[in-house]
There are 2 protein chains.
Amino acid sequence: MKCDPNNNTCKGNCPCKEYCPLGSALKLIGGKWKIPILCALSQDGTTRYNELLRKLRGITNTMLASSLKELEADGLIYRRQYLEMPVRVEYEITDFCTDLLPILAQLAQWGVQTHKSK
Amino acid sequence: MKCDPNNNTCKGNCPCKEYCPLGSALKLIGGKWKIPILCALSQDGTTRYNELLRKLRGITNTMLASSLKELEADGLIYRRQYLEMPVRVEYEITDFCTDLLPILAQLAQWGVQTHKSK
DNA sequence: CGGGATCCCGAGCGATACTG
DNA sequence: CAGTATCGCTCGGGATCCCG
């Protein structure tokens with residue numbers, strides 16, 4: 001877990017270090033909707049805003065917009081805006097995020113062992 | 001990400017399925033303190049309650065107790081109680097959790113690419 | 001020593017309405 | 001179409017005190 005026991009000054013997510021890469025990684029995909037959004041984008045490829053809104057049953061306008069903004073700022077997705085009429089905006093997974101997907105797949109596989117319906 | 005696009009009835013973390021293993025996996029290690037706890041236990045092995053309390057600088061009694069209880073209920077750690085005087089309780093990582101650690105290490109390595117101080 | 005019981009606050013999220 | 005603005009609430013987590 002990339003921790004140094006000799007340095008116990010961590011103020012973040014890890015008890016061992018100032019800066020915990022695991023903590024910062026989890027922040028990027030944290031929150032209620034980021035995983036579902038990435039999941040949808042990784043399956044369907046380039047997707048428009050309202051398409052996402054429909055596919056992610058239950059998400060609100062507010063949460064989709066703010067989540068997309070954060071994901072873009074963190075380099076996980078691209079936002080492409082086409083100045084047509086009406087406006088068209090498309091979202092797509094970045095290479096950085098593509099690197100993440102197989103890791104998440106492993107995590108999902110590990111999670112399968114969890115049979116509890118929590 | 002183990003999702004089925006043909007089933008859009010997901011009410012959990014994933015837009016594609018009723019039950020998302022990735023979502024349930026992330027729930028097990030979610031919250032503010034579970035990763036730090038697992039990190040400490042994976043480094044130092046078997047550890048006592050008050051030892052954890054000291055090592056995890058900033059954690060409160062309430063959070064340590066509740067986090068440990070959840071981690072045990074989810075099968076990530078063992079709790080062993082020795083009826084000495086005074087009472088001694090030790091916590092340890094389970095094999096199930098040991099399987100998780102290399103995956104988290106990968107996630108941490110991926111997170112290293114994040115240079116933003118968010 | 002290893003917790004439990006309460007109280008409380010603020011972030012995160014939802015609902016609704018509005019806009020370029 | 002693709003968002004922003006505001007409000008309000010729930011609930012994760014902190015602080016403090018208590019208990020076997």
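First the proteins, then the strands, lettered A, B, ... as listed; each starts at 1. Side chains included, hydrogens not; waters and symmetry mates left out as well; all remaining heavy atoms used.
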Side chain to side chain contact (heavy atoms under 4.5 Å, CB included) evaluation trace for B/L68 with B/R79: CA-CA 9 Å; B/L68 287 172; B/R79 189 190 110 109; over 6 Å; no

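Using modelled atom types, one side-chain atom of A/S24 and one backbone atom of A/P21 make a donor-acceptor pair closer than 3.5 Å. Between the A/S66 side chain and the A/M63 main chain, a donor and an acceptor come within less than 3.5 Å of each other.
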Kindly list each side-chain donor-acceptor pair under 3.5 angstrom involving residues 93-105 of chain A, sequence neighbours excluded, with atom names and distances?
unit_1, atom_1, unit_2, atom_2, d
A/T94, OG1, A/G75, O, 2.7
A/T94, OG1, A/L76, O, 3.2
A/T94, OG1, A/F96, N, 3.4
A/T94, OG1, A/C97, N, 3.2
A/T98, OG1, A/T94, O, 2.9

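Under the rule for a side-chain hydrogen bond (donor to acceptor under 3.5 Å, both in side chains), B/Y91 has no partner lying at least two apart in sequence or in another chain. Qualifying salt bridge (Lys or Arg N to Asp or Glu O under 4.0 Å) partners for A/R88, counting only residues two or more places apart in sequence or in other chains: A/E84, A/E90. With sequence neighbours left out, A/N50 forms a side-chain hydrogen bond (donor to acceptor under 3.5 Å, both in side chains) with no residue at all. Partners of B/T62 under the side chain to side chain contact (heavy atoms under 4.5 Å, CB included) rule, at least two apart in sequence or in another chain, are B/T60.
Rounded to whole Å, atom P of C/dC13 lies 11 Å from atom CD1 of A/I37. When the P atom of C/dG2 is taken as reference, atom CD of B/E51 falls 9 Å away, rounded to whole Å. Atom CZ in B/R80 sits roughly 17 Å away from atom C1' in C/dG2 (whole-Å rounding). Note: CG (B/L53) to P (C/dG2) measures 10 Å, nearest angstrom. Computed from coordinates, the B/M85 CE to C/dG2 C1' distance equals 11 Å when rounded to whole Å. Spacing between atom CD of B/E90 and atom C1' of C/dG3 amounts to 16 Å, rounded to whole angstrom units. Atom pair A/Y82:OH and D/dA2:P shows a separation of 12 Å (rounding to whole Å applied). Rounded to whole Å, the distance from CG on B/L83 to C1' on D/dG20 is 12 Å.
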Its contact letters, B for base, S for sugar-phosphate only and - for none at protein heavy atoms under 4.0 Å, make nucleotides 3-16 of chain D read BSB-------SSBB

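A/R48 has a side-chain polar atom (N or O) that falls below the 4.0 Å cut-off from OP1 or OP2 of D/dA2.
In the helix from C/dC1-D/dG20 to C/dG20-D/dC1, the end axes, each obtained as the rotation axis mapping the C1' atoms of four pairs onto the next four within a five-pair block, lie 50° apart to the nearest 10 degrees.
B/L26 is listed as a side-chain neighbour of A/L26, based on a closest heavy-atom distance under 4.5 Å.
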